Amino acid sequence: NGEIEKAMIFPDVIVSNGHEPNATTYNTLINGLCRRGEIEKAMNILDVMTSQGLEPDEITYNILIDGMCKNGEIEKAMGFLDAMVSNGHEPNIVTYNTLINRLCKQGEIDKALDFLDVMTSKGLQPDVVTYSTLLDGLCKKGEVEKATDLFDVMISKGLQPDVVTYSTIINWLCKNGEIQKAMDALDLMISKGLEPDVVTYSTLINGLCKTHDVEKAMNFLDVMSSQGHEPN
RNA sequence: GGAUCUGGAA
């Protein structure tokens, strides 16, 4: 609701009622501040949390790292990661996915792929989020060959593309003017039992509108509504 | 029956 100031009062209220806030309580607040880009305040809450004798957990760290990344402060995020490691907290798959996403968004795909190697060497298995993130980054950079290869790797590891993976591919096909293939991909995902969501449909509708096929776009509007996905 | 982190459209 954006009313973090009101929420901030609650740890005190909780304590005065005799219920100690736990890590989740603080994580929730820290996340709210990070989403507003108020990283400094979030770090202050981290201090409060620690001074209450609560150990930040991996979710706390991931929230802060993502906050810094989304705030464009990847250097800070990397530094924080180092500090975290030297305090004995190993990054998990979400941590890596977060950093990989930021690197992709900055167009630094090679660095992102380095992290893929790092996580693998640490025994962490990249998941469908990792691959979908990299696929999106590669497609947006026009590295279609590499994207295709990576998709094959993902499949060979037994990972199933999900609705986001398909939406990513559909988006790329649309942007590349391959609308028919995009619609084929939609059929394919449905045939695999996956349910397109509002983003999947919006992606296609956008592609169709950009190629002036408003008729088909309108059809998909009907289809999504009939599938119970309200247009947003 | 209830809470917190990462990927896709605009």
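All values derive from a computational prediction rather than experimental measurement. Below, chains carry the letters A, B, ... as their sequence lines are ordered, and counting in each starts from 1. Atoms considered below: every heavy atom in the structure, side chains included; atoms not considered: hydrogens, waters and symmetry mates.
- Remark: A/K140 is not in phosphate contact with B/rG7, judged by side-chain N or O atoms under 4.0 Å from OP1 or OP2.
- Within 4.0 Å (heavy atoms only), A/K210 reaches no atom of the nucleic acid at all.
- When heavy atoms are screened at a 4.0 angstrom cut-off, A/T28 is found touching the sugar-phosphate backbone but no base atom.
- In this structure, A/T165 reaches the bases: a heavy-atom distance under 4.0 Å links it to at least one base atom across the strands shown.
- One interatomic measurement links the two molecules: CZ of A/F115 to P of B/rU6, which rounds to 18 Å at whole-angstrom precision.
- A/D197 contributes no side-chain N or O that forms a donor-acceptor pair with the base of B/rA9 under 3.5 Å.
- Base engagement by A/D162 is indicated by at least one non-hydrogen atom pair under 4.0 Å involving a base atom.
- Rounding to the nearest 0.5 Å gives a distance of 13.5 Å between CG of A/D57 and OH of A/Y26.
- A close approach under 4.0 Å does not occur between any side-chain nitrogen or oxygen of A/K105 and OP1 or OP2 of B/rU6.
- The nearest whole Å value for the distance from the OH atom in A/Y26 to the P atom in B/rU4 is 18 Å.
- Between A/T200 and A/D197, the side chains place a donor N or O and an acceptor N or O closer than 3.5 Å (distance only, hydrogens not considered).
- Comparing B/rG8, B/rA3, B/rU6 against the side chain of A/N97 picks out B/rU6 as the nearest.
- Minimum atom distance to the side chain of A/I63 is reached by B/rC5, of the listed B/rA10, B/rC5, B/rG8.
- The base of B/rG8 sits within donor-acceptor range of the side chain of A/S167, with an N or O pair under 3.5 Å.
- Nearest nucleotide to the A/T133 side chain, out of B/rG7, B/rU4, B/rG8: B/rG7.
- What separates CG of A/L159 from C1' of B/rU6 is a distance of 15 Å, to the nearest Å.
- One can place CD of A/Q160 at 18 Å from C1' of B/rG8, the figure rounded to the nearest angstrom.
- For A/T95 and A/N92, the side-chain atoms include at least one donor-acceptor pair closer than 3.5 Å.
- Of the possible donor and acceptor atoms, one in the side chain of A/N62 sits under 3.5 Å from a partner among the backbone N and O of A/E58.
- In this model, no side-chain donor or acceptor of A/N31 finds a partner on the base of B/rA3 within 3.5 Å.
- Here the nucleotide nearest the side chain of A/K175, chosen from B/rU6, B/rA9, B/rC5, is B/rA9.
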Would you please test A/M68 and A/I74 for side chain to side chain contact (heavy atoms under 4.5 Å, CB included) and show each step?
CA-CA 6 Å; A/M68 293 169 191; A/I74 191 159; over 6 Å; no

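- Residue A/D136 contributes atom CG, which lies 8 Å from atom C1' of B/rG7 at whole-angstrom precision.
- Looking at A/S132, its side chain comes within 3.5 Å of the base of B/rG7 through a donor and an acceptor atom.
- Checking A/D66 against A/N31 by side-chain atom types alone, no donor-acceptor pair falls below 3.5 Å.
- Note: CD1 (A/I100) to P (B/rU6) measures 15 Å, nearest angstrom.
- When the C1' atom of B/rA9 is taken as reference, atom CD1 of A/I169 falls 15 Å away, rounded to whole Å.
- Within 4.0 Å of A/T60, counting heavy atoms only, lies no atom of the nucleic acid at all.
- Atom CD1 of A/I65 and atom P of B/rG7 are 14 Å apart (whole Å).
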